[in-house]
Amino acid sequence: PPCARAILARIRQEGNIPERMRHAITLSPLERSEIKSIIDQAEQAKADVQATILFLERQSRLLDTYTDMYKSMLSPIRKLPTELLEMVFKCHCTPFGFQILGGVLASNTLTLAAVCRQWRDIVLSTPSLWSCISMDFDYIGIYINEYRAKFIKALNDFIDRSGEYPLNLSFSGGHYGLRDTDTLAV
C-alpha cells in the first residue's frame with residue numbers, strides 16, 4: 001500500500017532511531033503533534049499491510065483450490081473405464097450400501113455419489129449399488145419417531161434405484177423401543 005511505502009521511506013531516511021530520540025529533550029506541542037501524526041500514519045499503514053496480507057492469503061487459497069481441481073483432472077483414477085469403477089464401487093458398497101445405526105443413515109453408496117459428477121452418474125445408473133440394505137432395530141427403535149420420515153424416504157429411494165436388481169436385506173437387533181404398530185412400510 002502507498003501509505004506503508006511512504007512510512008517505510010521516512011523510516012529509512014531518518015534511520016532506525018531519529019536523532020532527537022537519542023537525547024533527553026523536551027518536545028514542543030508542535031513536535032508532540034507531529035509524532036502523534038507519525039504514529040497514526042504508521043498504525044494505518046500497518047493495518048493496510050495486514051489487510052493486503054489477508055487479501056493475498058485468500059487469493060493464494062483460491063489459487064490452491066483452482067490448481068487442485070485441475071490436478072484432480074489428471075488423476076489416474078479418471079483413466080479407469082466405467083465398468084471397472086462399477087466393480088470397485090460394488091465392493092465398497094456391499095454389504096452396507098444403506099445402513100441405519102444410532103439414528104444415523106450411513107451410506108457408502110451416497111458417499112460415492114457425492115464425489116464428482118462422473119461417479120454420481122455411475123452410482124445412479126448401477127442398480128446393484130442400491131440393493132444392499134442393513135438395519136439394526138436396537139438403534140432404530142430409539143430414533144424411530146424422530147427420524148421416521150427420513151429413514152422411510154431413504155429406504156424407498158434405495159429400493160426404487162435398485163430397480164429389478166435383487167435386494168440384499170439384513171436386519172438385526174431386537175425390538176427395543178418399537179411398538180407393534182411401528183413398521184417401516186415399503
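Residue numbers start at 1 and run along the sequence shown.
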Minimal non-hydrogen separation, [X] against [Y], with atom names:
{"X": "Gln118", "Y": "Leu85", "value": "NE2-CD1, 3.9 Å"}
{"X": "Leu129", "Y": "Glu86", "value": "CD2-O, 4.5 Å"}
{"X": "Cys93", "Y": "Cys132", "value": "O-CB, 4.2 Å"}
{"X": "Ser131", "Y": "Pro166", "value": "CB-O, 3.3 Å"}
{"X": "Leu80", "Y": "Leu84", "value": "CD2-CD2, 3.5 Å"}

Single-linkage hydrophobic cluster Tyr165~Ile122, side-chain heavy atoms < 4.5 angstrom: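 In one cluster with Tyr165: Ile122, no.
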
Linked, directly or transitively: Ile77 and Met73 (ILVMFWY side chains, under 4.5 Å):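 Not linked; separate clusters.
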
Under 3.5 Å: donor-acceptor pair, side chain of Thr111, backbone of Ser107: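 Yes.
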
Side chain Ser60, main chain Leu56, donor-acceptor under 3.5 Å: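 Answer holds: no.
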
Verdict with supporting geometry, Leu167 and Trp130, side-chain contact (heavy atoms from CB on, under 4.5 Å): CA-CA 8 Å; Leu167 293 175; Trp130 301 93; over 6 Å; no

Asp121/Thr82 under side-chain contact (heavy atoms from CB on, under 4.5 Å): CA gap, chis, key distance, verdict: CA-CA 10 Å; Asp121 292 344; Thr82 300; over 6 Å; no

Interatomic distance, [X] atom [atom1] to [Y] atom [atom2] [nearest 0.5 angstrom]:
{"X": "Asn108", "Y": "Lys90", "atom1": "CG", "atom2": "NZ", "answer": "12.5 Å"}
{"X": "Lys46", "Y": "Ile53", "atom1": "NZ", "atom2": "CD1", "answer": "10.0 Å"}
{"X": "Arg58", "Y": "Leu63", "atom1": "CZ", "atom2": "CG", "answer": "13.5 Å"}
{"X": "Ile35", "Y": "Ser37", "atom1": "CD1", "atom2": "OG", "answer": "10.5 Å"}
{"X": "Met87", "Y": "Cys91", "atom1": "CE", "atom2": "SG", "answer": "7.0 Å"}
{"X": "Arg61", "Y": "Gln59", "atom1": "CZ", "atom2": "CD", "answer": "10.0 Å"}

Intermediate values then yes/no, side-chain contact (heavy atoms from CB on, under 4.5 Å), Glu43 and Ile39: CA-CA 6 Å; Glu43 287 175 347; Ile39 291 170; 3.8 Å; yes

Verdict with supporting geometry, Phe158 and Leu110, side-chain contact (heavy atoms from CB on, under 4.5 Å): CA-CA 10 Å; Phe158 265 72; Leu110 294 175; 4.2 Å; yes

Carboxylate-amine/guanidinium contact Asp40 Lys36, below 4.0 Å: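 No, no charged N to carboxylate O under 4.0 Å.
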
